[in-house]
Amino acid sequence: LLSLVAGTTSPRSGRVRVLDGEPTEARIRPQIGYVPLQAILPDAMRVTEVLATASAIRREPGQPPADRLRALGVEGLASRLVSSLSREEARAVALAEAATSSRVRVLLVEEPFVSMDPRAATRLRQVLQEKALGGAAVVVATASELADDHTFLRDGAVMAQATSWGATAALPPNGVRLHIFSSEARALAAALACEGGVEAVVRRDASVLVRGRDATELARAAARAIVTSGAGVTEMGFDPPAPEEARAAAAALNGEGKAP
Amino acid sequence: VIAPLTRLPLLRMLRTSRASFALGGWLTSAVAFAVASRWVGAPPSADRILLNAVGPIVLPLLAYALAGAALGGRSLASSTAAVVALGAQPARAALATLGVVAMACAAAGGLFSALVAVTAHGASDPPVARDAFASAYAGSLGGAAYATWFAMGATFGKRGGGRLVFLVVDWAVGASNGAGALLSPRGHVRNLFGGAPPVDLPERASAGLLVALALACALIATRRAR
(Lines give C-alpha, C1' and ligand atoms only; values in the text may rest on other atoms or scores of the structure.)
Protein backbone atom coordinates (compact mmCIF):
# COMPACT_ATOMS: atom_id res chain seq x y z
CA LEU A 1 0.00 0.00 0.00
CA LEU A 2 2.74 2.45 0.96
CA SER A 3 4.70 1.73 -2.21
CA LEU A 4 1.54 2.36 -4.24
CA VAL A 5 1.09 5.73 -2.56
CA ALA A 6 4.79 6.47 -3.08
CA GLY A 7 4.48 5.65 -6.78
CA THR A 8 7.18 2.97 -6.71
CA THR A 9 4.60 0.28 -7.51
CA SER A 10 1.95 0.61 -10.20
CA PRO A 11 -1.63 -0.41 -9.42
CA ARG A 12 -2.97 -3.37 -11.41
CA SER A 13 -6.10 -1.37 -12.06
CA GLY A 14 -7.47 2.00 -11.08
CA ARG A 15 -5.51 5.11 -10.22
CA VAL A 16 -3.71 6.43 -7.17
CA ARG A 17 -4.21 10.10 -6.37
CA VAL A 18 -1.85 11.88 -3.98
CA LEU A 19 -1.81 15.65 -3.41
CA ASP A 20 -4.24 16.14 -6.29
CA GLY A 21 -2.09 14.26 -8.76
CA GLU A 22 -0.44 10.98 -9.67
CA PRO A 23 2.41 10.07 -7.32
CA THR A 24 4.70 9.63 -10.33
CA GLU A 25 4.23 13.20 -11.58
CA ALA A 26 7.32 15.39 -11.50
CA ARG A 27 5.64 17.95 -9.23
CA ILE A 28 4.28 15.33 -6.80
CA ARG A 29 7.19 12.92 -6.41
CA PRO A 30 9.52 15.33 -4.51
CA GLN A 31 6.72 15.95 -2.00
CA ILE A 32 6.54 12.28 -1.01
CA GLY A 33 8.97 10.78 1.49
CA TYR A 34 8.98 6.99 1.63
CA VAL A 35 10.96 5.02 4.20
CA PRO A 36 10.55 1.29 3.51
CA LEU A 37 12.03 -1.46 5.67
CA GLN A 38 15.00 -1.64 3.32
CA ALA A 39 15.84 2.02 2.82
CA ILE A 40 17.75 2.76 -0.39
CA LEU A 41 20.33 5.54 -0.20
CA PRO A 42 22.87 6.60 -2.85
CA ASP A 43 25.66 4.13 -2.12
CA ALA A 44 28.79 6.06 -3.12
CA MET A 45 27.91 9.22 -1.18
CA ARG A 46 28.59 10.43 2.31
CA VAL A 47 25.54 11.10 4.47
CA THR A 48 26.01 14.88 4.17
CA GLU A 49 26.14 14.55 0.38
CA VAL A 50 22.94 12.49 0.43
CA LEU A 51 21.14 15.27 2.29
CA ALA A 52 22.51 17.95 -0.05
CA THR A 53 21.54 15.93 -3.12
CA ALA A 54 18.07 15.27 -1.71
CA SER A 55 17.57 19.00 -1.07
CA ALA A 56 18.64 19.78 -4.65
CA ILE A 57 16.31 17.12 -6.09
CA ARG A 58 13.40 18.22 -3.92
CA ARG A 59 14.23 21.86 -4.75
CA GLU A 60 14.19 23.01 -1.17
CA PRO A 61 16.55 25.37 0.63
CA GLY A 62 19.54 23.53 2.05
CA GLN A 63 19.68 23.02 5.81
CA PRO A 64 22.78 22.15 7.85
CA PRO A 65 23.07 18.33 7.62
CA ALA A 66 23.97 18.03 11.31
CA ASP A 67 20.73 19.76 12.32
CA ARG A 68 18.67 17.44 10.15
CA LEU A 69 20.35 14.35 11.53
CA ARG A 70 20.17 15.66 15.09
CA ALA A 71 16.38 15.47 14.93
CA LEU A 72 16.77 11.71 15.22
CA GLY A 73 19.99 11.77 17.25
CA VAL A 74 22.14 10.39 14.45
CA GLU A 75 24.31 13.44 13.71
CA GLY A 76 27.33 11.22 14.32
CA LEU A 77 26.68 9.55 10.97
CA ALA A 78 27.16 12.78 8.98
CA SER A 79 30.62 12.03 7.61
CA ARG A 80 30.06 8.32 7.03
CA LEU A 81 29.84 6.74 3.59
CA VAL A 82 26.42 5.25 2.94
CA SER A 83 28.04 1.94 1.99
CA SER A 84 29.45 1.74 5.54
CA LEU A 85 26.07 2.22 7.24
CA SER A 86 24.18 -0.64 8.81
CA ARG A 87 20.60 -1.27 7.71
CA GLU A 88 19.34 0.40 10.89
CA GLU A 89 21.55 3.47 10.40
CA ALA A 90 20.54 3.79 6.75
CA ARG A 91 16.88 3.74 7.77
CA ALA A 92 17.50 6.42 10.38
CA VAL A 93 19.21 8.64 7.78
CA ALA A 94 16.41 8.08 5.25
CA LEU A 95 13.82 8.95 7.88
CA ALA A 96 15.76 12.02 9.02
CA GLU A 97 15.94 13.23 5.42
CA ALA A 98 12.24 12.75 4.76
CA ALA A 99 11.04 14.01 8.14
CA THR A 100 13.13 17.20 8.11
CA SER A 101 12.49 18.04 4.46
CA SER A 102 10.46 21.20 4.10
CA ARG A 103 9.09 19.94 0.77
CA VAL A 104 7.80 16.54 1.91
CA ARG A 105 4.04 16.74 2.51
CA VAL A 106 3.32 13.02 2.57
CA LEU A 107 5.60 10.89 4.72
CA LEU A 108 5.22 7.12 4.42
CA VAL A 109 7.02 4.96 6.97
CA GLU A 110 6.98 1.20 7.04
CA GLU A 111 7.27 -0.31 10.54
CA PRO A 112 9.22 2.61 12.04
CA PHE A 113 10.43 0.65 15.07
CA VAL A 114 11.69 -2.35 13.10
CA SER A 115 15.32 -2.23 11.92
CA MET A 116 15.68 1.28 13.28
CA ASP A 117 18.80 2.74 14.84
CA PRO A 118 18.15 2.72 18.64
CA ARG A 119 19.14 6.41 18.91
CA ALA A 120 16.51 7.29 16.33
CA ALA A 121 13.87 4.98 17.78
CA THR A 122 13.75 6.97 21.02
CA ARG A 123 12.99 10.22 19.16
CA LEU A 124 10.91 8.80 16.38
CA ARG A 125 7.49 9.34 17.90
CA GLN A 126 8.21 13.01 18.54
CA VAL A 127 9.65 13.59 15.06
CA LEU A 128 6.64 12.00 13.35
CA GLN A 129 4.24 13.98 15.52
CA GLU A 130 6.07 17.23 14.72
CA LYS A 131 5.92 16.42 11.03
CA ALA A 132 2.18 15.75 11.26
CA LEU A 133 1.64 18.94 13.28
CA GLY A 134 3.55 20.79 10.57
CA GLY A 135 0.80 19.91 8.10
CA ALA A 136 2.17 16.76 6.52
CA ALA A 137 0.21 13.54 6.19
CA VAL A 138 2.21 10.90 8.05
CA VAL A 139 1.19 7.35 7.12
CA VAL A 140 2.70 4.56 9.18
CA ALA A 141 2.27 0.82 8.64
CA THR A 142 2.93 -0.57 12.07
CA ALA A 143 2.08 -3.10 14.74
CA SER A 144 2.87 -0.58 17.46
CA GLU A 145 0.82 2.11 19.15
CA LEU A 146 1.90 5.17 17.25
CA ALA A 147 -0.84 6.75 15.22
CA ASP A 148 -3.89 8.87 16.01
CA ASP A 149 -6.10 7.30 13.36
CA HIS A 150 -6.05 3.61 12.46
CA THR A 151 -7.25 1.93 9.27
CA PHE A 152 -7.74 -1.81 9.30
CA LEU A 153 -7.12 -3.44 5.91
CA ARG A 154 -7.84 -6.96 4.77
CA ASP A 155 -6.99 -8.19 1.24
CA GLY A 156 -6.60 -4.57 0.22
CA ALA A 157 -10.05 -3.49 1.39
CA VAL A 158 -10.70 -1.15 4.31
CA MET A 159 -12.44 -3.25 6.98
CA ALA A 160 -12.66 -0.66 9.73
CA GLN A 161 -11.33 2.65 10.94
CA ALA A 162 -10.78 3.56 14.56
CA THR A 163 -9.08 6.12 16.71
CA SER A 164 -7.38 3.66 19.06
CA TRP A 165 -5.63 0.34 18.65
CA GLY A 166 -7.87 -1.23 21.27
CA ALA A 167 -10.92 -0.48 19.17
CA THR A 168 -9.20 -1.81 16.07
CA ALA A 169 -8.27 -5.03 17.85
CA ALA A 170 -11.90 -5.57 18.80
CA LEU A 171 -12.88 -5.60 15.12
CA PRO A 172 -14.38 -7.51 13.43
CA PRO A 173 -16.85 -9.23 15.84
CA ASN A 174 -17.00 -12.97 16.41
CA GLY A 175 -13.19 -13.33 16.46
CA VAL A 176 -10.84 -14.52 19.18
CA ARG A 177 -8.22 -12.62 21.15
CA LEU A 178 -4.90 -13.99 22.31
CA HIS A 179 -2.69 -12.16 24.78
CA ILE A 180 1.03 -12.76 25.04
CA PHE A 181 3.42 -11.36 27.64
CA SER A 182 6.92 -11.14 26.27
CA SER A 183 10.27 -9.55 27.07
CA GLU A 184 10.55 -8.63 23.36
CA ALA A 185 7.00 -7.44 22.82
CA ARG A 186 7.97 -5.01 20.05
CA ALA A 187 9.72 -7.63 17.93
CA LEU A 188 6.97 -10.12 18.59
CA ALA A 189 4.28 -7.64 17.55
CA ALA A 190 6.16 -6.89 14.34
CA ALA A 191 6.45 -10.61 13.55
CA LEU A 192 2.78 -11.17 14.34
CA ALA A 193 1.80 -8.37 11.98
CA CYS A 194 3.35 -10.30 9.10
CA GLU A 195 1.44 -13.50 9.88
CA GLY A 196 -1.65 -14.65 8.00
CA GLY A 197 -4.70 -15.26 10.14
CA VAL A 198 -3.86 -12.27 12.32
CA GLU A 199 -6.32 -9.44 11.89
CA ALA A 200 -5.01 -6.95 14.41
CA VAL A 201 -2.10 -6.59 16.80
CA VAL A 202 -1.87 -4.32 19.82
CA ARG A 203 1.24 -3.86 21.90
CA ARG A 204 1.23 -2.24 25.29
CA ASP A 205 4.46 -2.34 27.28
CA ALA A 206 5.35 -6.04 27.61
CA SER A 207 2.03 -7.41 26.42
CA VAL A 208 0.78 -8.09 22.94
CA LEU A 209 -2.86 -8.57 22.11
CA VAL A 210 -3.65 -10.37 18.86
CA ARG A 211 -6.99 -10.64 17.15
CA GLY A 212 -8.01 -13.30 14.63
CA ARG A 213 -11.03 -15.20 13.38
CA ASP A 214 -9.98 -18.73 14.19
CA ALA A 215 -8.42 -19.80 17.51
CA THR A 216 -6.32 -22.63 16.05
CA GLU A 217 -5.04 -20.51 13.20
CA LEU A 218 -4.25 -17.67 15.60
CA ALA A 219 -2.33 -19.97 17.96
CA ARG A 220 -0.30 -21.35 15.05
CA ALA A 221 0.45 -17.82 13.82
CA ALA A 222 1.55 -16.82 17.32
CA ALA A 223 3.84 -19.86 17.57
CA ARG A 224 5.44 -19.03 14.23
CA ALA A 225 5.88 -15.38 15.22
CA ILE A 226 7.50 -16.35 18.53
CA VAL A 227 9.99 -18.55 16.70
CA THR A 228 10.63 -15.93 14.00
CA SER A 229 11.17 -13.06 16.42
CA GLY A 230 13.08 -15.15 18.96
CA ALA A 231 11.09 -13.42 21.70
CA GLY A 232 10.85 -14.97 25.13
CA VAL A 233 7.26 -15.57 26.27
CA THR A 234 6.26 -15.50 29.94
CA GLU A 235 2.52 -16.00 29.54
CA MET A 236 0.09 -16.67 26.73
CA GLY A 237 -3.63 -17.32 26.69
CA PHE A 238 -6.94 -16.62 24.99
CA ASP A 239 -9.02 -13.76 26.39
CA PRO A 240 -12.66 -14.38 27.21
CA PRO A 241 -15.04 -12.51 24.89
CA ALA A 242 -16.24 -9.09 26.00
CA PRO A 243 -19.84 -9.07 27.34
CA GLU A 244 -21.16 -7.30 24.24
CA GLU A 245 -19.38 -9.80 22.00
CA ALA A 246 -20.83 -12.70 23.97
CA ARG A 247 -24.29 -11.17 23.68
CA ALA A 248 -23.81 -10.66 19.92
CA ALA A 249 -22.62 -14.26 19.49
CA ALA A 250 -25.58 -15.58 21.53
CA ALA A 251 -28.00 -13.47 19.51
CA ALA A 252 -26.50 -14.81 16.31
CA LEU A 253 -26.83 -18.38 17.52
CA ASN A 254 -30.44 -17.79 18.61
CA GLY A 255 -31.20 -16.22 15.29
CA GLU A 256 -29.78 -19.23 13.49
CA GLY A 257 -31.84 -21.56 15.75
CA LYS A 258 -35.04 -19.79 14.83
CA ALA A 259 -34.37 -19.86 11.14
CA PRO A 260 -36.52 -22.31 9.13
CA VAL B 1 17.45 19.29 -11.84
CA ILE B 2 19.73 17.07 -13.94
CA ALA B 3 22.96 18.33 -12.32
CA PRO B 4 22.43 16.82 -8.84
CA LEU B 5 21.47 13.55 -10.49
CA THR B 6 24.93 13.28 -12.06
CA ARG B 7 26.61 13.21 -8.64
CA LEU B 8 25.86 9.58 -7.87
CA PRO B 9 27.27 7.96 -11.05
CA LEU B 10 30.21 10.38 -10.94
CA LEU B 11 31.03 9.53 -7.33
CA ARG B 12 30.62 5.83 -8.05
CA MET B 13 33.33 6.14 -10.70
CA LEU B 14 35.59 8.29 -8.54
CA ARG B 15 35.23 6.38 -5.27
CA THR B 16 35.15 2.78 -6.36
CA SER B 17 38.18 0.80 -7.51
CA ARG B 18 36.31 -0.63 -10.50
CA ALA B 19 36.70 2.52 -12.62
CA SER B 20 40.26 3.34 -11.59
CA PHE B 21 41.41 -0.26 -12.17
CA ALA B 22 39.78 -0.26 -15.61
CA LEU B 23 41.30 3.09 -16.56
CA GLY B 24 44.75 2.19 -15.25
CA GLY B 25 44.71 -1.31 -16.68
CA TRP B 26 43.54 -0.38 -20.15
CA LEU B 27 45.74 2.71 -20.33
CA THR B 28 48.75 0.54 -19.54
CA SER B 29 47.61 -2.04 -22.10
CA ALA B 30 47.08 0.56 -24.82
CA VAL B 31 50.49 2.13 -24.27
CA ALA B 32 52.07 -1.33 -24.04
CA PHE B 33 50.54 -2.28 -27.42
CA ALA B 34 51.88 0.96 -28.90
CA VAL B 35 55.39 0.57 -27.46
CA ALA B 36 55.56 -3.12 -28.38
CA SER B 37 54.72 -2.29 -31.99
CA ARG B 38 58.01 -0.42 -32.19
CA TRP B 39 59.93 -3.56 -31.25
CA VAL B 40 58.33 -6.09 -33.55
CA GLY B 41 59.53 -6.62 -37.12
CA ALA B 42 56.95 -4.49 -38.93
CA PRO B 43 57.55 -0.73 -39.13
CA PRO B 44 55.67 1.22 -36.42
CA SER B 45 52.16 2.29 -37.41
CA ALA B 46 49.55 3.96 -35.19
CA ASP B 47 46.76 2.84 -37.52
CA ARG B 48 47.63 -0.82 -37.01
CA ILE B 49 47.46 -0.56 -33.20
CA LEU B 50 44.28 1.52 -33.25
CA LEU B 51 42.66 -0.92 -35.68
CA ASN B 52 43.74 -4.19 -34.10
CA ALA B 53 43.95 -3.37 -30.40
CA VAL B 54 42.26 -0.12 -29.39
CA GLY B 55 39.14 -0.38 -31.57
CA PRO B 56 38.15 -4.01 -31.03
CA ILE B 57 39.56 -4.63 -27.51
CA VAL B 58 40.46 -1.57 -25.42
CA LEU B 59 37.55 0.71 -26.30
CA PRO B 60 34.65 -1.75 -25.78
CA LEU B 61 36.10 -3.32 -22.64
CA LEU B 62 36.97 0.08 -21.15
CA ALA B 63 33.43 1.35 -21.82
CA TYR B 64 32.02 -1.89 -20.42
CA ALA B 65 33.98 -1.43 -17.19
CA LEU B 66 33.22 2.31 -16.84
CA ALA B 67 29.50 1.73 -17.46
CA GLY B 68 29.57 -1.02 -14.83
CA ALA B 69 31.30 1.29 -12.36
CA ALA B 70 28.86 4.16 -12.92
CA LEU B 71 25.89 1.83 -12.54
CA GLY B 72 27.36 0.19 -9.45
CA GLY B 73 27.19 -3.20 -11.20
CA ARG B 74 23.39 -3.07 -11.30
CA SER B 75 20.69 -2.54 -13.86
CA LEU B 76 20.08 1.03 -14.99
CA ALA B 77 16.78 1.24 -13.07
CA SER B 78 18.30 -0.21 -9.87
CA SER B 79 21.29 2.09 -10.08
CA THR B 80 19.03 5.14 -10.11
CA ALA B 81 16.55 3.83 -7.50
CA ALA B 82 18.29 5.68 -4.68
CA VAL B 83 17.87 9.13 -6.26
CA VAL B 84 14.36 8.24 -7.41
CA ALA B 85 13.55 7.49 -3.77
CA LEU B 86 14.67 11.05 -2.97
CA GLY B 87 12.11 12.44 -5.41
CA ALA B 88 13.85 12.36 -8.79
CA GLN B 89 12.05 11.35 -11.99
CA PRO B 90 13.32 7.91 -13.13
CA ALA B 91 13.78 9.02 -16.75
CA ARG B 92 15.81 12.07 -15.73
CA ALA B 93 17.93 10.03 -13.36
CA ALA B 94 18.62 7.50 -16.12
CA LEU B 95 19.45 10.29 -18.57
CA ALA B 96 21.89 11.86 -16.09
CA THR B 97 23.61 8.52 -15.56
CA LEU B 98 23.83 7.96 -19.32
CA GLY B 99 25.32 11.41 -19.75
CA VAL B 100 28.02 10.78 -17.16
CA VAL B 101 28.92 7.37 -18.62
CA ALA B 102 28.99 8.74 -22.18
CA MET B 103 31.17 11.72 -21.21
CA ALA B 104 33.59 9.53 -19.25
CA CYS B 105 33.89 6.95 -22.02
CA ALA B 106 34.24 9.63 -24.69
CA ALA B 107 37.01 11.37 -22.73
CA ALA B 108 38.85 8.13 -21.94
CA GLY B 109 38.41 6.77 -25.48
CA GLY B 110 39.67 10.02 -27.02
CA LEU B 111 42.63 10.26 -24.67
CA PHE B 112 43.69 6.65 -25.09
CA SER B 113 43.41 6.80 -28.89
CA ALA B 114 45.41 10.05 -29.08
CA LEU B 115 48.07 8.61 -26.77
CA VAL B 116 48.42 5.49 -28.91
CA ALA B 117 48.56 7.58 -32.09
CA VAL B 118 51.46 9.58 -30.65
CA THR B 119 53.30 6.65 -29.07
CA ALA B 120 53.06 4.30 -32.06
CA HIS B 121 53.48 7.00 -34.69
CA GLY B 122 55.34 5.70 -37.71
CA ALA B 123 56.92 7.17 -40.82
CA SER B 124 53.99 6.13 -43.01
CA ASP B 125 51.41 7.82 -40.74
CA PRO B 126 50.04 11.35 -41.30
CA PRO B 127 51.60 14.23 -39.33
CA VAL B 128 51.50 13.36 -35.63
CA ALA B 129 49.26 16.22 -34.47
CA ARG B 130 46.68 15.59 -37.18
CA ASP B 131 46.78 11.84 -36.55
CA ALA B 132 46.36 12.34 -32.79
CA PHE B 133 43.40 14.66 -33.33
CA ALA B 134 41.69 12.28 -35.80
CA SER B 135 42.30 9.34 -33.48
CA ALA B 136 40.93 11.25 -30.48
CA TYR B 137 37.83 12.14 -32.50
CA ALA B 138 37.23 8.51 -33.51
CA GLY B 139 37.99 7.24 -29.99
CA SER B 140 35.64 9.76 -28.39
CA LEU B 141 32.81 8.97 -30.74
CA GLY B 142 33.33 5.23 -30.30
CA GLY B 143 33.60 5.57 -26.51
CA ALA B 144 30.34 7.52 -26.26
CA ALA B 145 28.54 5.06 -28.55
CA TYR B 146 29.80 2.08 -26.56
CA ALA B 147 28.74 3.79 -23.28
CA THR B 148 25.12 4.14 -24.37
CA TRP B 149 25.22 0.68 -25.99
CA PHE B 150 26.18 -0.92 -22.66
CA ALA B 151 23.81 1.31 -20.69
CA MET B 152 21.00 0.03 -22.89
CA GLY B 153 22.25 -3.50 -22.25
CA ALA B 154 22.03 -2.79 -18.52
CA THR B 155 18.28 -2.30 -18.83
CA PHE B 156 17.94 -6.05 -19.51
CA GLY B 157 18.25 -8.62 -16.76
CA LYS B 158 17.58 -8.27 -13.06
CA ARG B 159 21.10 -7.07 -12.28
CA GLY B 160 21.80 -5.54 -15.67
CA GLY B 161 23.29 -8.74 -17.06
CA GLY B 162 22.25 -7.66 -20.55
CA ARG B 163 25.43 -5.56 -20.61
CA LEU B 164 27.50 -8.73 -21.09
CA VAL B 165 25.13 -9.98 -23.78
CA PHE B 166 25.53 -6.67 -25.63
CA LEU B 167 29.32 -7.03 -25.42
CA VAL B 168 29.12 -10.47 -27.06
CA VAL B 169 26.59 -9.26 -29.66
CA ASP B 170 28.86 -6.34 -30.60
CA TRP B 171 31.80 -8.67 -30.86
CA ALA B 172 29.92 -11.18 -33.05
CA VAL B 173 27.82 -8.86 -35.21
CA GLY B 174 30.37 -6.07 -35.60
CA ALA B 175 33.15 -8.39 -36.79
CA SER B 176 31.66 -8.78 -40.26
CA ASN B 177 31.42 -6.21 -43.05
CA GLY B 178 27.77 -7.03 -43.69
CA ALA B 179 24.58 -5.14 -42.92
CA GLY B 180 24.47 -6.57 -39.40
CA ALA B 181 27.57 -4.54 -38.51
CA LEU B 182 25.54 -1.35 -39.00
CA LEU B 183 23.60 -2.08 -35.82
CA SER B 184 26.49 -2.15 -33.32
CA PRO B 185 29.40 0.23 -32.67
CA ARG B 186 32.26 -2.12 -33.57
CA GLY B 187 32.01 -1.95 -37.38
CA HIS B 188 31.74 1.85 -37.38
CA VAL B 189 34.66 2.29 -34.99
CA ARG B 190 36.76 0.02 -37.22
CA ASN B 191 35.81 2.16 -40.20
CA LEU B 192 36.82 5.38 -38.37
CA PHE B 193 40.18 3.85 -37.44
CA GLY B 194 40.86 3.08 -41.10
CA GLY B 195 39.67 -0.53 -41.28
CA ALA B 196 37.18 -2.32 -43.54
CA PRO B 197 33.89 -0.40 -43.53
CA PRO B 198 30.56 -2.13 -43.01
CA VAL B 199 28.70 -2.31 -46.36
CA ASP B 200 31.30 0.03 -47.91
CA LEU B 201 30.13 3.04 -45.91
CA PRO B 202 32.27 6.18 -46.05
CA GLU B 203 33.85 7.24 -42.73
CA ARG B 204 31.55 10.23 -42.43
CA ALA B 205 28.48 7.99 -42.68
CA SER B 206 29.88 5.71 -39.99
CA ALA B 207 30.43 8.73 -37.73
CA GLY B 208 26.85 9.81 -38.30
CA LEU B 209 25.55 6.33 -37.63
CA LEU B 210 27.58 6.14 -34.40
CA VAL B 211 25.91 9.35 -33.21
CA ALA B 212 22.50 8.02 -34.27
CA LEU B 213 23.21 4.70 -32.55
CA ALA B 214 24.23 6.50 -29.34
CA LEU B 215 21.07 8.64 -29.39
CA ALA B 216 18.83 5.64 -30.12
CA CYS B 217 20.42 3.58 -27.33
CA ALA B 218 20.07 6.51 -24.90
CA LEU B 219 16.43 6.96 -25.83
CA ILE B 220 15.60 3.27 -25.46
CA ALA B 221 17.54 2.97 -22.20
CA THR B 222 15.79 6.03 -20.74
CA ARG B 223 12.37 4.73 -21.70
CA ARG B 224 13.11 1.27 -20.31
CA ALA B 225 14.39 2.72 -17.02
CA ARG B 226 11.09 4.47 -16.26
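Given the structure is predicted, the values throughout are model-derived calculations rather than measurements. Residue numbering restarts at 1 for every chain, and letters A, B, ... go by the order of the sequence lines.
Both the backbone and the side chain of Ala52(A) come within contact range of chain B, with heavy atoms under 4.5 Å apart. Residue Thr8(A): no heavy atom, backbone or side chain, is found under 4.5 Å from chain B.
Remark: Met45(A) CE to Leu8(B) CG distance equals 5.0 Å, nearest 0.5 Å. The distance from atom CZ of Arg46(A) to atom CZ of Arg15(B), rounded to the nearest 0.5 Å, is 5.0 Å.
Between Thr53(A) and Pro4(B), the shortest heavy-atom contact is CG2-O, 3.8 Å.
For the set Pro36(A), Gly33(A), Ala26(A), the entry with the most heavy-atom pairs within less than 4.5 Å of chain B is Ala26(A). When the candidates Pro9(B), Pro90(B), Gly72(B) are compared by the number of heavy-atom contacts under 4.5 Å with chain A, Pro90(B) comes out ahead. The greatest number of non-hydrogen atom pairs below 4.5 Å with chain B, out of Pro30(A), Gly7(A), Ala6(A), is found for Pro30(A). Here Ala88(B) is the residue among Ala88(B), Ala85(B), Ser79(B) with the most heavy-atom pairs under 4.5 Å with chain A.
Here the side chains of Arg29(A) and Gln89(B) are in contact, with some heavy-atom distance below 4.5 Å. The closest side-chain heavy-atom distance from Ile57(A) to Val83(B) is below 4.5 Å. Within the 4.5 Å cutoff, the side chain of Asp43(A) has heavy atoms near those of the Arg74(B) side chain.
No more than 12 heavy atoms of other residues, nucleotides or ligands lie within 6.0 Å of CZ in Phe133(B), so this atom counts as exposed by the packing criterion.
Within residues 68-100 of chain A, the residues having any heavy atom closer than 4.5 Å to a heavy atom of chain B are Leu81(A), Glu97(A), listed by residue number. Residues of residues 97-116 of chain B lying under 4.5 angstrom from chain A, judged on non-hydrogen atoms, do not exist here.
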